[in-house]
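Chain letters run A, B, ... following the sequence lines, proteins first, then strands; residues in each count from 1. Note that these values count all heavy atoms, side chains included, but never hydrogens, waters or copies made by symmetry.
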Amino acid sequence: MTDVLLSLSGLTKAYPGVVANSDVSFDIRPGEVHALLGENGAGKSTLVKTIYGLVRPDAGQMTLRGAAFAPSEPRAARAAGVAMVFQHFSLFDALDVAENIALGMENPPPMRDLAARIRDVSERYGLPLDPSRVVGDLSAGERQRVEIIRCLLQDPKLLIMDEPTSVLTPQEVDILFATLRKLQAEGTAILYISHKLEEIRALCQHATILRLGKVVGTCDPRETSARDMAEMMVGTVLQVPSREAAVAGEVVLALTGLTAPPPRQFGTALCDITVEVRKGEVLGIGGVAGNGQDELLLALSGEMRVGSEMVRLKGQPIGHLPPNARRSRGLLAAPEERMGHAAAPDMSLTENAVLTGVVREDLSDRGFLRWAKARTFAESVIAKFDVRTPGPGSTARSLSGGNLQKFVIGREIMQRPEVLVVNQPTWGVDASAAAFIRQALLDLAEAGAAVIVVSQDLDELMEISDRFAALNGGRLSPPRPAQGLTVEEIGLMLGGAHDMEVAHVDA
Amino acid sequence: MIRLEKRPQPSKVWTWATPVLAVVATMIFGGLMFALLGKDPVLAIRTIFYDPLFGEFSSYSRPQLLVKAGPLILIATGLAMGFRAGIWNIGAEGQYIIGAVFAASVGLAAYPAESVLIFPAMVIAGAVGGTLWAMIPAVLRVKFGTNEILVSLMLVYVAENILAYAALGPLRNPDGMGFPGSRNLSQYPSAANLDLIPGTGMHWGVVAALIAVIFGYILLSRHILGFQIRLAGQAPRAAAFSGVNPGRLVLICMGIAGALAGLAGMFEVAGPAGRISIDFNVGYGFTAIIVAFLGRLHPVGILLAGLLMALTYIGGEVAQLTLGLPVAAIQLFQGMLLFFLLAVDVLTNYSLRWSGREVA
């Protein structure tokens, strides 16, 4: 296994104002799982797009099995045996699995043959999938299998996977890893992009670490600690959020039988959610995307009105109240989608500070806005939360994801909430900003606020939660102390097994 | 190859330069069209843009500028509030008609009594009439989710028939020897909306337009309602998160637009038009949509755009008379203005990049 499958040497790609890749060189061997590690913006995407023929490098060469390799388009890359599974799926909900796969093929065989081949591949690699099912009914994990099988039908020599586990439950991750190991054993090379270091340690034999477009290190993940790899990625010593063990205070927020129809098509109905959150506590809510996270946040922020008794804040029924009435009572929220939901992209940071701060920061006087005061408030958020921006006059969309997220979270924390609900607080945020945000949430809880963190990142939830609950199909499992929970238990909670558990207790 | 690159911030310069560029492009391509029609393009452009202000007969046409710009600015300012919020009321013409009918009804009911209260009562009636007419699409949208574009537009034709009914029936001049149309309100001192300074075209409607511009500016830049209007238009989900009640916003924006359009109708029927007649409405409500966009939905921009649009109207009439240009050519010319404005608008948010070969 000393021969090289794909060799990159001196790859450089510059965009106006930023060098995405600078002199990147490394080799991938047949039958190895090679991890590509780096923060957001480190140049991982540009690099794999170069390999897949979507981006043409400014300088540098690639060789595939010794021959020069410069794909001008993805079709050329696929013909040469390179396949890629993107983080975001490109599937049509209304078509079935076989039709979706046929659409992505150069010369699709007749449907019956294709269905047989799909069954064949899915059995061989342990990816259960029925070719006649409509994609719209599939879970995120099953959709990913469609993409993977689409790639495997081309019999690739190199399979590129971009953050494949971000949408999977732990059990689905296990199935995926089994498939990848089987592929590896057959001699297929896998280039695996992820920021989940424990996964990389479990799966990969080599890791190349990118920072600001350059290769800053290589390692054998099996012999390197996650912490060391993270520090190579970030380039500094990583601050792991920390705090004193919390003493649970009185109940501030109580949800009782919270039930609500989906607010829009393809939404999830909330079903009988009952949970209490205490002062100084962080409640982590996990779950695979689309299981009611957005709807729960809408029901708590006040964008979706529910029965008044279903949500109680300090004993007062508030389920029927609109957002600003809840804010004035101390319940604040930060939704997942930064652009267009938590912030208005084309508005300045000052205006975005007014967006939620007008009530608690007293930014209006008989309906007239106090712009000077709003600007001061925005400036203080920028200063306190280390938001990198020329000033409060910049538009929200000019900020990077991490900086805007720091602004959004900072804007709520600076209003001294009694209860703060955040959805995906570190989604798409680089590691140092994510650590900063988590620490800020922990500090808030330590100062006596109740914090609800909804996230799909289980590592994050285990790191900061006191108690953990899982959303599944709009139902919330009973919360359990986060300390001592095993990955298997979490997986069962995410999979909705808490119902069986209740039945078990009853019996 | 030309590529469009999204700017991180909308360009301040281009926000104001694009209307100028659009006017210049309209002059060039309009001139081209006039040349194809066999007219001297320079003379035609000069007749439209220069003669009404400084030409031989400008003492007649100059006051017309304010008479025509007044209702356009008044209506466009109201429409801009809704457009900013993503509420597409294109039925201002109908609201304008109903405002005029309400106001004329009040004035004619009082005829021939003289009182200082009659004119204010007509002002209120005009605003109420326009508001009520605008509330029909607003309430239907809030309650039943109907499309306000369709409903407000269809109500224009309903309003036109109500106008015809009023002119032929209840509001017909009893001393008019059976001709359709009401008494002339501009000859009824208590109801007349005459020039405040004779010979300038400056009537109460123009004053109202200026006040509306100032209020519109303050509302959008300083008041929480203006903030909510802008927020709802730019990012509806962020608006909901911020606590904006979308239904309430629809009612308020449609109400403001209806009231201002109704006021414009009132000032028109009591002044320049003088009376309710079958052909009372001349399209101000539709032209105001162009004015609103030409003015970048900004009250001060609308003030300038309204004056420019009025100029093309008057200049167009002069060009019809002196050069024999067809009406359709003038309307096409005005349409070009909106077309070019929307086309060059892309420069505000995107910058042009000239580049060689580039993949992805």
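- A donor-acceptor pair under 3.5 Å is formed between the side chain of A:R327 and the backbone N or O of B:S242.
- For A:E351, the parts lying near chain B are the backbone and the side chain together; criterion is any non-hydrogen pair under 4.5 Å.
- Contacts between A:S348 and chain B at a heavy-atom distance below 4.5 Å are absent for every atom of the residue.
- Both the backbone and the side chain of A:A333 come within contact range of chain B, each with at least one heavy atom under 4.5 Å from a heavy atom of that chain.
- Taking B:S221, B:G226, B:A238 one by one and counting their heavy-atom pairs under 4.5 Å with chain A, the maximum is reached by B:A238.
- Applying the 6.0 Å contact sphere to CH2 of B:W88 captures more than 12 heavy atoms from other residues, nucleotides or ligands.
- Between chain B and the options A:P323, A:G367, A:P322, heavy-atom pairs under 4.5 Å are most frequent for A:G367.
- A 4.5 Å side-chain heavy-atom check between B:Q234 and A:D346 finds at least one atom pair inside the cut-off.
- For the atom pair CZ of A:F368 and CZ of B:F227, the computed distance is 15.5 Å after rounding to the nearest 0.5 Å.
- In terms of heavy-atom pairs under 4.5 angstrom with chain B, the leader among A:L298, A:V354, A:N352, A:T356 is A:V354.
- In this structure, the side chains of B:L231 and A:M347 come closer than 4.5 Å at one or more pairs of heavy atoms.
- The CG atom of A:D365 lies 13.0 Å from the CZ atom of B:R222; values are rounded to the nearest 0.5 Å.
- Your options are A:V358, A:V359, A:N324, A:T395, and the one with the most heavy-atom pairs under 4.5 Å with chain B is A:T395.
- Counting non-hydrogen atoms of neighbouring residues, nucleotides and ligands closer than 6.0 angstrom, the OH atom of B:Y350 reaches no more than 12 such neighbours.
- Here B:F241 contributes atom CZ and A:L297 contributes atom CG; the two are 7.0 Å apart, rounded to the nearest 0.5 Å.
- Ranked by heavy-atom pairs under 4.5 Å with chain B, the list A:R366, A:E303, A:H341 is led by A:H341.
- The environment of CZ in A:F86 is crowded: more than 12 heavy-atom neighbours from other residues, nucleotides or ligands sit within 6.0 Å.
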